[in-house]
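These values consider heavy atoms only, across backbone and side chains, with no hydrogens, waters or symmetry-generated copies. First the proteins, then the strands, lettered A, B, ... as listed; each starts at 1.
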Amino acid sequence: MQVRVRFAPSPTGLLHIGNAHTALFNWLFARQHGGRVILRAEDTDVQRSQLGYEKDICEDLRWLGLDWDEGLELGGEFGPYRQSLRQAFYEEALKKLRQGGYVYPCYCSVEELEAERQANLAQGKPPRYSGRCRNLSEREIAAFEAQGRKPAWRFRVPEGQIAFRDLLRGEFAFQGAELGDFLVVRPTGVPTYNFAVVVDDIQMRISHVIRADEHLSNTPRQVLLYRALDAQTPQFAHVAMLLGPDRQKLSKRHGAVSVAEYRAQGYLPEALLNYLALLGWTPKGQEMLSKEELIEQFDLTHVGFSPAVFDQEKLRWLNGQYLRRADDARLTALAAPYLVSTGLLPEDEVAWPSEAWLQKLVGLLKHNIITLSQLPLWAQPFLSEPKYEDKKIVKILQEADSQQVFKAFSAALAGTSQLSSQKAGDMLHSLPEQLALGTGKVFRPLRAALTGQGKGPELAEIVALLGPEKCLERVEKFRR
RNA sequence: GGCCCUAUCGUCUAGCGGUUUAGGACACCGCCCUCUCACGGCGGCGGCAGGGGUUCGAAUCCCCUUAGGGCUACCA
């Protein structure tokens with residue numbers, strides 16, 4: 001049997017980290033089984049769904065490196081892949097349910113239902129549908145129709161056991177009596193989630209439904225639908241959902257929860273992807289894994305089912321690791337927007353320093369940062385004049401010993417046109433002995449004069465990158 | 001309220017009845033490297049939610065309690 005998985009986000013917002021997590025697990029599973037990934041938009045919530053979000057979600061998935069074989073933007077054999085375009089399928093399925101006597105028309109209004117629900121809740125009774133319309137006579141139906149009421153369609157849930165198997169967690173058995181008759185089609189003719197998913201998954205030949213834990217309780221309803229539609233159920237696998245640091249469901253209250261936000265903060269897609277894979281699953285060996293290695297090592301059956309807290313710190317660590325290993329040319333391209341938006345680089349690329357120099361700069365500074373958005377802070381003295389605002393820096397510059405350091409440094413640089421970091425290092429390290437000063441006494445004032453900062457890359461690298469001319473200029477400023 | 005899921009260091013987790021003085025990663029602390037920060041190296045702190053069983057033996061199996069989460073929607 002061919003493995004066919006789907007990722008079915010609802011376009012009611014940006015791609016959520018939690019959705020990206022299940023998308024990744026689906027993707028990994030499909031890729032390691034030579035299966036296909038289907039991307040479908042679940043937009044049956046007409047009020048909240050927006051086409052724009054659908055585009056954003058596609059873009060974020062691609063950014064993460066999760067591609068798909070059929071679905072949105074690609075089309076395919078079993079389309080269309082947006083639920084609002086699939087009305088004919090739902091109507092056909094509803095017809096089948098009606099013919100089989102699995103559903104009945106319900107004329108209750110939203111207000112009536114909500115009142116009933118509240119009343120039940122207040123009395124400590126289960127807030128499920130009473131079944132008021134379950135056994136309407138022909139005459140009662142005719143009366144409602146005469147009033148111009150449009151019916152919704154409800155599934156007649158049988159009593160008795162509904163069993164299914166979860167690939168991860170084993171056997172489940174729910175009692176039909178506990179479920180209550182659920183809505184399948186709204187009065188507007190738009191299907192509800194449970195119905196649309198099942199119809200689509202059947203028609204799209206989905207073999208494995210890998211989704212978050214929160215859908216476990218919906219599964220018996222869906223199993224009922226599969227049976228009524230005379231279809232085979234797919235394999236279910238419910239993975240744990242993601243939590244915030246307070247162990248509540250991960251939400252906007254916890255800060256950045258969309259993939260787009262992490263991208264904006266300067267996280268690398270491979271870092272986010274790698275981190276997401278580590279939530280609920282652990283590799284045997286080391287944890288830093290490429291997409292290819294993940295495909296090779298990932299094992300759905302070893303995914304844990306206890307909910308996982310999304311830990312920013314570990315993500316940050318991973319991002320730092322990937323940053324340091326990243327190609328400088330690529331990083332420079334990614335970093336440029338941050339440098340432009342902070343005014344360190346002009347809008348117009350023509351006015352930029354050479355590509356080679358920029359790459360050296362980024363290649364050097366990538367060792368000091370955790371996210372790309374931190375780059376401007378370090379790049380500042382290289383792309384504009386140092387600020388010399390820090391009190392400690394000012395004090396170092398004013399120290400008596402600093403004067404002879406500046407003098408010796410200037411003398412050593414005079415007449416030099418270019419310096420490798422190696423040469424610069426040799427020169428710098430000869431100074432302490434020459435001046436009979438401690439290394440710190442020599443290096444600290446130079447670093448201060450050259451960058452206005454107390455920390456940063458190796459001094460030799462700074463000197464090489466700035467070039468003799470600029471170094472001289474900055475040091476001379478402090479000579480008296 | 002009912003039903004369901006979950007429970008190992010602060011966090012992610014390994015562990016699938018004996019090989020465990022419970023292993024790793026992040027974070028934290030200390031030391032080393034070093035002009036500083038970061039990286040890196042070494043070391044440390046820190047956990048089986050509680051209570052009952054089952055068993056020669058339990059983090060591992062069962063039950064109860066507790067805690068957290070989910071579903072019970074004309075949200076998905």
Side-chain angles (χ1 to χ4, degrees), chain A residues 8-10 12 19 42-49 83 106 108-110 113-114 117 120-129 152-154 166 169 172-175 177-180 182-188 190-194 196-197 211-221 238 240-241 243 245-249 275 278-288 302 304-318 320-321 324 365-370 378 428-429 432 438-448 451 453-460 462:
Chain A
S10 64
T12 53
N19 288 138
E42 309 221 319
D43 60 345
T44 55
D45 185 342
V46 192
Q47 321 290 334
R48 296 196 299 144
S49 295
Q83 291 185 327
C106 171
C108 298
S109 69
V110 190
L113 290 172
E114 187 51 29
R117 193 185 140 79
N120 282 337
L121 236 30
Q123 292 171 50
K125 286 199 280 195
R128 69 174 90 95
Y129 180 61
W153 292 89
R154 252 176 220 286
D166 184 282
R169 312 182 192 223
F172 283 91
F174 287 79
Q175 288 302 319
E178 284 154 10
L179 259 40
F182 59 93
L183 213 65
V184 149
V185 174
R186 302 171 168 106
T188 53
V190 178
T192 60
Y193 162 76
N194 280 307
V197 180
R211 64 191 3 169
D213 210 354
E214 55 192 324
H215 293 292
L216 195 50
S217 303
N218 278 320
T219 309
R221 282 175 255 274
H238 290 94
M241 44 192 308
L243 269 30
D246 56 357
R247 302 216 142 257
Q248 300 289 311
K249 189 172 168 171
Y275 178 64
L278 261 24
L279 256 24
W281 175 76
T282 343
K284 294 261 178 274
Q286 65 137 8
E287 297 186 329
M288 244 189 102
H302 277 76
F305 7 93
S306 64
V309 173
F310 188 86
D311 179 22
Q312 296 247 10
E313 280 309 317
K314 187 147 180 183
L315 204 213
R316 289 169 61 77
W317 170 76
L318 258 179
Q321 295 292 322
R324 266 156 231 131
L365 297 181
K366 70 182 181 184
H367 296 280
N368 287 283
I369 59 174
I370 288 291
W378 301 99
L428 288 166
H429 282 286
T439 318
K441 275 283 191 189
V442 174
F443 281 56
R444 284 210 330 254
L446 285 174
R447 172 183 297 282
T451 69
Q453 295 176 337
K455 12 180 170 169
E458 276 185 38
L459 196 53
I462 294 172

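Between the CD atom of E114(A) and the P atom of A73(B) there is a distance of 10 Å, given to the nearest Å. Summarising the geometry, the separation between CD on Q47(A) and C1' on C74(B) is reported as 10 Å, rounded to the nearest angstrom. Summarising the geometry, the separation between CD on E458(A) and P on C39(B) is reported as 15 Å, rounded to the nearest angstrom. Rounded to whole Å, the distance from CG on L183(A) to P on A73(B) is 10 Å. In this structure, the CD1 atom of I370(A) is 12 Å from the C1' atom of A27(B), given to the nearest Å. Between the CZ atom of R186(A) and the C1' atom of C74(B) there is a distance of 5 Å, rounded to whole Å. Rounded to whole angstrom, the span from the CD1 atom of I369(A) across to the C1' atom of A38(B) amounts to 11 Å. The NE2-C1' distance, from H429(A) to U34(B), rounds to 9 Å in whole Å.
Distance check on atom C1': C29(B) versus G69(B) gives 34 Å, rounded to whole Å. With both ends at atom C1', the span from C71(B) to C39(B) equals 48 Å, rounded to whole Å. Look at the C1' atom in both G46(B) and U8(B): the space between them is 12 Å, to the nearest Å. Distance check on atom P: A59(B) versus G43(B) gives 28 Å, rounded to whole Å. The separation of C32(B) from U19(B), taken at their C1' atoms, amounts to 35 Å, rounded to a whole angstrom. C63(B) and U21(B) have their C1' atoms separated by 31 Å, given to the nearest Å. Taking the C1' atom of each, U65(B) and U11(B) are spaced 26 Å apart, rounded to whole Å. Taking the P atoms as reference points, C61(B) lies 12 Å from G15(B), given to the whole Å.
Summary of the strand contacts: E42(A) and K284(A) both lie near RNA chain B, and taking for each the nucleotide with the nearest heavy atom, the more 5' one is attributed to K284(A). Positionally, the nearest nucleotide of RNA chain B for A240(A) lies more toward the 5' end than for the other of A240(A) and Q321(A).
Across all strands shown, C16(B) forms no Watson-Crick or G-U wobble pair with both distances under 3.5 Å. Across the strands present, G1(B) finds its partner in U72(B); the criterion is a Watson-Crick or G-U wobble pair with both atom distances under 3.5 angstrom. Partner assigned to C37(B) is none, using Watson-Crick or G-U wobble distances below 3.5 angstrom. Base-pair partner of A7(B): U66(B) (Watson-Crick or G-U wobble, both distances under 3.5 Å).
Here T44(A) reaches the OP1 or OP2 of A76(B): one of its side-chain N or O atoms lies under 4.0 Å away. Contact annotation: R117(A) does not reach the phosphate of U72(B) (side-chain N/O to OP1 or OP2, under 4.0 Å).
One distance of note links NE2 of H302(A) with NZ of K284(A); it measures 5.0 Å at 0.5 Å rounding.
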**Q.** Criterion side-chain contact (heavy atoms from CB on, under 4.5 Å) on T192(A) and F182(A), from CA distance to verdict
**A.** CA-CA 10 Å; T192(A) 60; F182(A) 59 93; 5.7 Å; no
Q: Starting from the C-alpha separation in whole Å, work towards a yes-or-no answer on side-chain contact (heavy atoms from CB on, under 4.5 Å) for F310(A) and L315(A).
A: CA-CA 9 Å; F310(A) 188 86; L315(A) 204 213; 4.1 Å; yes
Q: Apply the test side-chain contact (heavy atoms from CB on, under 4.5 Å) to residues C108(A) and Y129(A): give CA-CA distance (whole Å), side-chain angles for both, the deciding distance (0.1 Å), then the verdict.
A: CA-CA 10 Å; C108(A) 298; Y129(A) 180 61; 3.4 Å; yes
Q. Using a cut-off of 4.0 Å between protein heavy atoms and nucleotide atoms, how would you tag nucleotides 2-12 of chain B 5' to 3' with B, S and -?
A. -SSSSS---SS
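For F172(A), the ring pair (Phe, Tyr, Trp, His ring centres under 6.0 Å) criterion is met by F164(A), not counting sequence neighbours. E287(A) meets the side-chain hydrogen bond (donor to acceptor under 3.5 Å, both in side chains) test with K314(A); sequence neighbours excluded. Residues satisfying the side-chain hydrogen bond (donor to acceptor under 3.5 Å, both in side chains) test with S49(A), not counting sequence neighbours, are none. Applying the side-chain hydrogen bond (donor to acceptor under 3.5 Å, both in side chains) rule to R211(A) yields the partners T219(A), Q222(A), H238(A); only residues at least two apart in sequence or on another chain are considered.
Although no hydrogens or angles enter the test, the distance criterion places a donor-acceptor pair under 3.5 Å between the side chain of Q286(A) and the main chain of M288(A). Without hydrogens or angle criteria, R316(A) side chain to D311(A) main chain gives no donor-acceptor distance under 3.5 Å. Checking side-chain atoms of R117(A) against main-chain N and O of L113(A) turns up no donor-acceptor pair under 3.5 Å.
Between K249(A) and D213(A) there is no salt bridge, since no side-chain N of the basic residue sits under 4.0 Å from a carboxylate O of the acidic one.
K441(A) comes within 4.0 angstrom of nothing in the nucleic acid, heavy atoms only. Contacts of G454(A) with the nucleic acid, taken as non-hydrogen atoms under 4.0 Å apart, include base atoms. Contact annotation for R324(A): backbone-only contact, meaning every heavy-atom pair under 4.0 Å involves sugar-phosphate atoms and none involves a base. Residue contacts shown for L113(A) include a base, since a base heavy atom lies under 4.0 Å away. Within 4.0 Å (heavy atoms only), R221(A) reaches sugar-phosphate atoms of the nucleic acid but no base atom. Nucleic acid contact class of D45(A) (heavy atoms, under 4.0 Å, all strands): sugar-phosphate only. Contact annotation for H215(A): base contact, defined as any heavy-atom pair under 4.0 Å involving a base atom. Across all strands, P9(A) comes closer than 4.0 Å to no nucleic acid atom at all (heavy-atom distances). The residue C106(A) sits apart from the nucleic acid: no heavy atom pair falls under 4.0 Å.
With hydrogens and angles left out, the side chain of R447(A) and the base of C35(B) share a donor-acceptor pair within 3.5 Å.
Smallest separation of non-hydrogen atoms from W378(A) and N368(A): NE1-O, 3.8 Å.
Here the nucleotide nearest the side chain of H302(A), chosen from G15(B), C74(B), C35(B), is G15(B). Residue E214(A) places its side chain closer to G70(B) than to any other of G70(B), C74(B), U72(B).
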Pull out every protein N or O sitting under 3.5 Å from an N or O of nucleotides 45-51 of chain B, one pair per line with the distance.
none

